[in-house]
Amino acid sequence: MASDTAKERVGIIGVGRMGLAMAKHLVKHGYALTVCDIAAENAARAGALGARVAKTPAEVGRSATFVILGVGYDEEVNSVTSGADGVLGTLAAGGIVAVSSTVAPDTVKALDRKARERGVDILDAPICRGRWFADEGRLLALFGGKPDVIARGRPVYGTFCSDIAALGEVGHGQVGKAMNNLLLWITSVGLIEAGRLAETTGIDLPTLRDALQISSGKSQALEDWDQTSFMWALKDMQIVAKMADQAGLSLPVTGAVKELVKEAKRIKAGNPPKWTRATT
């Protein structure tokens, strides 16, 4: 999808599991890339791929025109953009900060207001599909932003995304990601309960899984059961719960799932339903 590698000088702030995969594809497609990460070993891995390693987000901003955020939490997004040595303090007017972190919609909208004061645009750009898709360059990006900003983001994200969906204005990308995650964790909790009930009957779960995947019980969560860890589930559900509170909506299923994912994380790490056959 990407063709014009002279258009942007790219930076990534946060090159953990997902950010490192992005870095690999960007370097492969010929982009000049600068990275930084609070963990020196993460930055060193990106450096070994051909990226230039910076010590601070501010240093990334001095060398880039298009900066991708890959940090984990809302507080970290605010820190690396607006805190001491934040990227907004050095990124030149006309630059873009793309928020690929999963955060609350109001977090990215507040960042957009701050960025516009400095002549910088925000691309709301959370990503879906997970680690193995990142390795293969087959992620899905959910874009929110101005049309010209989205247009500039497409070739950059096209290096590691097979699909890009433009959902509207800044904030709508995060809305899309929150709804995706809500449905994912509802289904994943259901798979634990369905698996436990099915186990009591003596049925072979992998055989049942095969049947469900060609029936109305089909789901991506069941397809990817072995890769599901619930690592980010509580954070994701906290974002959804915050949105519901702000909207004044009573969502009892959402509230229940927010609590259930805590135990689901322990179950999945210990003795989960065996929906797939053990591999050697």
Side-chain angles (χ1 to χ4, degrees), residues 16-18 21 72-73 100-105 126-142 161-163 165 167 173-245 247 249-280:
R17 182 63 176 84
M18 299 295 284
Y73 295 92
S100 281
S101 308
T102 299
V103 297
I127 52 178
C128 303
R129 293 182 181 158
R131 296 168 288 176
W132 289 267
F133 285 89
D135 292 338
E136 297 171 0
R138 296 195 294 121
L139 292 169
L140 162 66
L142 305 177
C161 293
S162 57
D163 298 282
L167 300 182
Q174 299 296 339
V175 171
K177 183 65 183 291
M179 297 308 101
N180 177 83
N181 290 344
L182 171 59
L183 294 170
L184 167 64
W185 300 125
I186 287 173
T187 306
S188 297
V189 166
L191 288 173
I192 290 178
E193 296 192 358
R196 284 289 182 254
L197 179 58
E199 285 172 340
T200 67
T201 72
I203 196 171
D204 181 71
L205 279 189
T207 300
L208 173 59
R209 174 179 179 265
D210 291 342
L212 294 175
Q213 288 296 75
I214 56 173
S215 185
S216 57
K218 179 179 180 178
S219 72
Q220 194 65 43
L222 184 53
E223 178 69 24
D224 297 335
W225 180 246
D226 286 343
Q227 287 78 46
T228 299
S229 69
F230 290 87
M231 179 182 298
W232 297 99
L234 180 58
K235 174 208 165 185
D236 292 339
M237 293 306 301
Q238 288 170 335
I239 290 172
V240 173
K242 179 182 179 181
M243 293 173 64
D245 287 343
L249 293 176
S250 175
L251 302 178
V253 172
T254 294
V257 171
K258 175 176 170 289
E259 297 305 312
L260 289 167
V261 294
K262 302 173 187 177
E263 181 61 20
K265 182 179 179 180
R266 290 188 282 269
I267 292 171
K268 190 60 167 65
N271 182 34
K274 303 298 190 295
W275 282 110
T276 60
R277 301 193 191 281
T279 57
T280 57

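- In this structure, the side chain of S215 does not engage the main chain of A211 through any donor-acceptor pair within 3.5 Å.
- Of the charged side-chain nitrogens involved, none lies within less than 4.0 Å of a carboxylate oxygen, so that R129 and D224 do not count as a salt-bridged pair.
- Ion pair R266/E263 flagged as a salt bridge, since at least one NZ, NE, NH1 or NH2 atom sits closer than 4.0 Å to an Asp/Glu carboxylate oxygen.
- The nearest pair of heavy atoms linking P126 to S101 is CB-O, 4.2 Å.
- The distance from the CG atom of N180 to the CD1 atom of I127 is 12.0 Å, given to the nearest 0.5 Å.
- Side-chain atoms of T187 and Q220, non-hydrogen and from C-beta on, never get closer than 4.5 Å to each other.
- Ring pair F230/W225 is perpendicular by interplanar angle, where above 60° counts as perpendicular and below 30° as parallel.
- The minimum heavy-atom distance linking K265 with S229 is given by the pair CG-O, 4.0 Å.
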>> For a side-chain contact (heavy atoms from CB on, under 4.5 Å) check, start with the C-alpha distance between L182 and T254, then their side-chain angles and the critical distance, and finish with the verdict.
In response: CA-CA 7 Å; L182 171 59; T254 294; 3.6 Å; yes
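- Annotation: the span from W185 atom CH2 to M237 atom CE amounts to 10.0 Å, rounded to 0.5 Å.
- The backbone N or O of L142 lies less than 3.5 Å from no partner atom in the side chain of Q174, so there is not a single donor-acceptor pair.
- Atom CD1 in I192 sits 9.0 Å away from atom CG in L260 (nearest 0.5 Å).
- Nearest heavy atoms, L191 versus S219: CD1-OG, 4.4 Å.
- I239 and P105 make their closest contact through CG2-CD, 4.4 Å (heavy atoms, listed as atom of the first residue, atom of the second, distance).
- Smallest separation of non-hydrogen atoms from V240 and A178: CG2-O, 3.6 Å.
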> Would E199 and R196 satisfy side-chain contact (heavy atoms from CB on, under 4.5 Å), going step by step from the backbone distance to the final call?
Replying inline: CA-CA 5 Å; E199 285 172 340; R196 284 289 182 254; 3.0 Å; yes
>> Go through it in stages, so that I can follow the logic: the residues are V257 and V261, the test is side-chain contact (heavy atoms from CB on, under 4.5 Å), and I'd like the CA-CA distance, side-chain angles, deciding distance and then a yes or no.
In response: CA-CA 6 Å; V257 171; V261 294; 3.9 Å; yes
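- Side chain of K235 to main chain of G72: a donor-acceptor pair is present (N/O by atom type, distance under 3.5 Å, no hydrogens or angles).
- From R131, atom CZ reaches atom CG of L139 across 12.5 Å, with rounding to the nearest 0.5 Å.
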>> Determine whether K262 and E259 satisfy the following criterion, side-chain contact (heavy atoms from CB on, under 4.5 Å), listing intermediate values before the conclusion.
In response: CA-CA 6 Å; K262 302 173 187 177; E259 297 305 312; 2.8 Å; yes
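- R209 contributes no side-chain N or O that, together with a main-chain N or O of T276, makes up a donor-acceptor pair within less than 3.5 Å.
- Within 6.0 Å of the CE atom in M231, the count of heavy atoms belonging to other residues, nucleotides or ligands does not exceed 12.
- Annotation: side chain of K274 is not in contact with side chain of D204 (no heavy-atom distance under 4.5 Å).
- Smallest separation of non-hydrogen atoms from K177 and T102: NZ-OG1, 2.7 Å.
- Between R277 and D226 there is no salt bridge, since no side-chain N of the basic residue sits under 4.0 Å from a carboxylate O of the acidic one.
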